[in-house]
Amino acid sequence: MLARIYRPSKTAMQSGRAKAANWLLEFEPQSARKPDPLMGWTVTSDTESSQVKLSFDTKEEAVRYAESHGIAFQLIDPAPAKRIIKAYADNFAFGRRTPWTH
């Protein structure tokens, strides 16, 4: 069973990075989800991939846990965040590409 070790991206709902600091170990699904004929909910036969998520403080702890328990894993490093630093005064700069108007 293959596991993914990754750091989740920040949520788009808020500007904070509350749950994006930890690393997660999560199993890949072995079978596709299917709709239940009676209730219409989506069901799966493997509980490991849908219910088990382990959280670690560092990447090294997650890798050490996977190696000590014999879990095959794929390490996904996060992409660096692209930061665009702007100042409010840039809205009124003389060399602005498009003129500022109301």
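Fair warning: this is a prediction, and the values are worked out from it, not measured in the lab. The figures that follow rest on heavy atoms only: side chains count, while hydrogens, waters and symmetry mates do not.
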Check: Transitively linked via ILVMFWY side-chain contacts under 4.5 Å: L54 with I76?
Finding: no

Notebook entry, point to check: Can you find a pair of side-chain heavy atoms, one from R96 and one from N91, that are under 4.5 Å apart?
Noted result: yes

Next item on the list: Give, for atom CD of E60 and atom CD1 of I5, the distance between the pair rounded to the nearest 0.5 Å.
Entry: 10.5 Å

Margin query: Can you tell me how far apart CZ (F56) and CG (L25) are? Round to the nearest 0.5 Å.
Written below: 5.5 Å

Check: Same cluster for L24 and V63 if Ile/Leu/Val/Met/Phe/Trp/Tyr side chains link at under 4.5 Å?
Finding: no

Next item on the list: Verify, without hydrogens or angle tests, whether R4 (side chain) and E28 (backbone) share a donor-acceptor contact under 3.5 angstrom.
Entry: no

Next item on the list: Say whether L2 and F27 are linked into one hydrophobic cluster, either directly or through other cluster members, by side-chain heavy-atom distances under 4.5 angstrom.
Entry: no

Notebook entry, point to check: Going by heavy atoms in the side chains, are E26 and Y6 under 4.5 Å from each other?
Noted result: yes

Next item on the list: Begin from the C-alpha positions of N22 and D57 and carry the test side chain to side chain contact (heavy atoms under 4.5 Å, CB included) through to its verdict.
Entry: CA-CA 5 Å; N22 292 341; D57 290 332; 3.6 Å; yes

Next item on the list: Mark yes when over 12 heavy atoms from residues, nucleotides or ligands other than K10 sit less than 6.0 Å from its NZ; otherwise mark no.
Entry: yes

Checklist line | Nearest non-hydrogen partners of A21 and R7, listed with the distance | finding: O-CD, 3.9 Å

Next item on the list: Please answer: with hydrophobic residues joined when any side-chain heavy atoms are less than 4.5 Å apart, are F94 and F92 in the same cluster?
Entry: no

